[in-house]
Amino acid sequence: MDLPSALPPIERVLLTAEEIDARVGEVAAQISADFTGRELKLVSVLKGSVFFLTALARRITVPLKVDFLAISHFTNQPGAPGVVRIAKDLDDAIEGEHVLLVEDIVDTGFTTRYLMQNLAGRGPASLGICTLLDRSSRRIARIPINYSCFEIPDRFVVGWGLDYKQLYRNLDCIAVIRPE
Ligand code: IMP
Ligand code: MG
């Protein structure tokens, strides 16, 4: 990728495009098996998780719907415990539906816990979590993760929707960068 010189360079590739594609296929197969005979709704948070959601959705074989919400954090430190607010809500109700919250990364878990509590209050038939990346070494909020593609070390990563200052989301691998 051609980068403006102000961007921190990629230090190393943690997960290649091929590794991610293969693992997403495995997790999609597991989800398809678990939800056989049922209709599924994938819900994700703009913007980071959209890249993973679309890749996952294309590999799932049960009928599914997608919906999106957006949140804003009341803190300027990414990953720091802060108050989360829904800035754009889902378009449709999820009452009585089988819902999977699709996440790019579960780090401290604060964001995911807030979202799960919020979604649970809307009366879905079932509610689970599917994440591309799990950085469990930094977890503070205990949350059950039903499907996780990769456990990653405590390093800042970009790619597959994950950004540094809104850039790098389109990288097709997961890479470690060293923000200044
Ligand atoms: P949590 O609330 O601490 O679990 O953090 C959740 C959010 O922080 C994620 O949805 C990401 O938007 C962001 N985040 C956490 N770690 C990283 C990273 O390594 N790269 C890019 N964004 C991250
Ligand atoms: Mg996110």
Side-chain angles (χ1 to χ4, degrees), residues 1 3-4 6-17 19-20 23-24 27 41-57 66-90 94 99-121 127-180:
M1 194 189 281
L3 295 173
L7 262 187
I10 286 167
E11 195 177 290
R12 72 191 160 96
V13 172
L14 196 62
L15 299 163
T16 65
E19 287 170 327
I20 301 167
R23 181 67 184 134
V24 169
V27 170
K41 180 173 278 184
L42 302 182
V43 163
S44 90
V45 181
L46 301 168
K47 313 184 226 350
S49 303
V50 171
F51 293 72
F52 174 46
L53 178 140
T54 60
L56 187 70
V66 300
D67 205 349
F68 301 93
L69 52 78
I71 53 176
S72 47
H73 295 265
F74 286 102
T75 169
N76 35 23
Q77 284 169 274
V83 182
V84 180
R85 179 180 68 87
I86 292 187
K88 177 226 171 285
D89 205 352
L90 299 174
I94 56 170
V99 176
L100 270 185
L101 175 64
V102 177
E103 284 279 22
D104 49 0
I105 184 167
V106 183
D107 187 39
T108 64
F110 283 121
T111 311
T112 311
R113 183 177 63 184
Y114 168 81
L115 290 169
M116 289 297 280
Q117 285 171 350
N118 184 292
L119 295 173
L127 179 62
I129 299 171
C130 177
T131 189
L132 176 63
L133 305 178
D134 181 1
R135 198 191 278 122
S136 61
S137 60
R138 278 175 43 88
R139 191 82 81 256
I140 298 171
R142 294 276 150 235
I143 40 161
I145 296 181
N146 307 77
Y147 306 96
S148 167
C149 294
F150 299 99
E151 171 72 38
I152 62 159
D154 189 6
R155 298 298 311 278
F156 191 85
V157 294
V158 292
W160 267 75
L162 290 146
D163 72 301
Y164 172 72
K165 295 185 177 173
Q166 298 300 326
L167 289 165
Y168 280 122
R169 292 193 198 274
N170 58 323
L171 207 63
D172 68 351
C173 61
I174 299 285
V176 173
I177 59 165
R178 196 187 287 131
E180 64 284 85

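We count ligands from 1, going down the list as the structure has it; atoms in each ligand are counted the same way. Please read these numbers as outputs of a predicted model, since none were measured by experiment.
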Note: heavy atom closest to atom 4 (O) of ligand 1, options Asp154, Asp107, Ile152, belongs to Asp107
Under 3.5 Å: N/O of Thr112 near N/O of ligand 1: no
Is any side-chain heavy atom of Val106 less than 4.5 Å from a side-chain heavy atom of Ile143? yes
Taking the side chain as every heavy atom from C-beta outward, state whether Ile20 and Leu132 have any atom pair closer than 4.5 Å. yes
Under a 4.0 Å heavy-atom limit, does Asp104 contact ligand 1 with its side chain, its backbone, both, or neither? side chain
Donor-acceptor pair between Thr108 and Arg138 side chains, under 3.5 angstrom: no
Does Arg135 have a heavy atom less than 4.0 Å from any atom of ligand 1? yes
Indicate yes or no: at least one non-hydrogen side-chain atom of Tyr168 is less than 4.5 angstrom from one of Ile177. yes
Has Lys47 got more than 12 heavy atoms of other residues, nucleotides or ligands less than 6.0 Å from its NZ? no
Distance-only N or O hit between ligand 1 and Leu162, under 3.5 Å: no
If you measure only the distance, is there a donor-acceptor pair under 3.5 Å linking the side chains of Glu103 and Ser44? no
Per-atom contacts of ligand 1 with Gly109, taking only distances under 4.0 Å to non-hydrogen atoms: 1 (P), 3 (O), 4 (O)
With nothing but distance in play, are any N or O atoms of Asp163 less than 3.5 Å from an N or O of ligand 1? no
Which option, Val176, Ile174, Thr111, owns the non-hydrogen atom nearest atom 2 (O) of ligand 1? Thr111
